[in-house]
Amino acid sequence: MPVKLPHSELRFEFSRSGGKGGQNVNKVESRVQLFWNPSLSGVLTEEQKERLSKKLASHVTLRGEIMVSASSERSQEQNRLAALTKLQALVRKGLSVPKKRRPTRPTKASKERRLESKNRRSMIKYTRSKRDF
């Protein structure tokens, strides 16, 4: 279930980007940093907010905001869209609930194979040892 992030909860900051662009790089602020505070968001439940804060801890700033930056494109608008896409993917990944693991038991055949290989190894070591007859 995708979560629609309201634009009123998003904060954009722009700065000069490095990389390609020639003289344009020094004049235009095309790098985009996108901030979103999930704890203040009205679209998430408390459980979802908790899950996001745990799963996306490396992206959370001191102010509790998730930060995503984009500077791969030359234009600010393209970088803004790239940052939004990144944030949506992050949130989607952070909200995903992992499948519960169902414990399985080893099969009878796999137990027998393991014991047979142990036996074989034991015999090899036994025949290497010095024995008094």
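For reference, positions follow the sequence shown, starting with 1.
Evaluation of the salt bridge (Lys or Arg N to Asp or Glu O under 4.0 Å) rule for K86 yields no partner, not counting sequence neighbours. Taking the side-chain hydrogen bond (donor to acceptor under 3.5 Å, both in side chains) definition, one finds that S96 meets it with nothing, sequence neighbours left out. Here L62 pairs with nothing under the side chain to side chain contact (heavy atoms under 4.5 Å, CB included) rule; sequence neighbours left out. Partners of S41 by side-chain hydrogen bond (donor to acceptor under 3.5 Å, both in side chains), not counting sequence neighbours, listed by chain and number: E9. Applying the side-chain hydrogen bond (donor to acceptor under 3.5 Å, both in side chains) rule to S75 yields the partners Q78; only residues at least two apart in sequence or on another chain are considered.
Between the side chain of Q48 and the backbone N or O of T45, at least one donor-acceptor pair lies under 3.5 Å.
Screening residues 56-69 for side chain to side chain donor-acceptor pair (under 3.5 Å), with sequence neighbours left out, gives R11-E65. Judged as a salt bridge (charged side-chain N to carboxylate O under 4.0 Å, His left out), the pairs with a partner in residues 38-47 (not counting sequence neighbours) are, in order, E46-K49, E47-R51. Under the side chain to side chain donor-acceptor pair (under 3.5 Å) criterion, the residue pairs touching residues 108-120 are T107-S110, with sequence neighbours excluded.
The side-chain tip of R80 points at the ring of F12 from less than 6.0 angstrom away and within 45° of straight on.
Under the 4.5 Å side-chain heavy-atom criterion for Ile, Leu, Val, Met, Phe, Trp and Tyr, L84 and V43 are members of the same hydrophobic cluster.
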task: Test W36 against V91 for side chain to side chain contact (heavy atoms under 4.5 Å, CB included), laying out the working first.
output: CA-CA 10 Å; W36 177 62; V91 170; 3.6 Å; yes
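Through chains of ILVMFWY side-chain contacts below 4.5 Å, F35 is grouped with M67.
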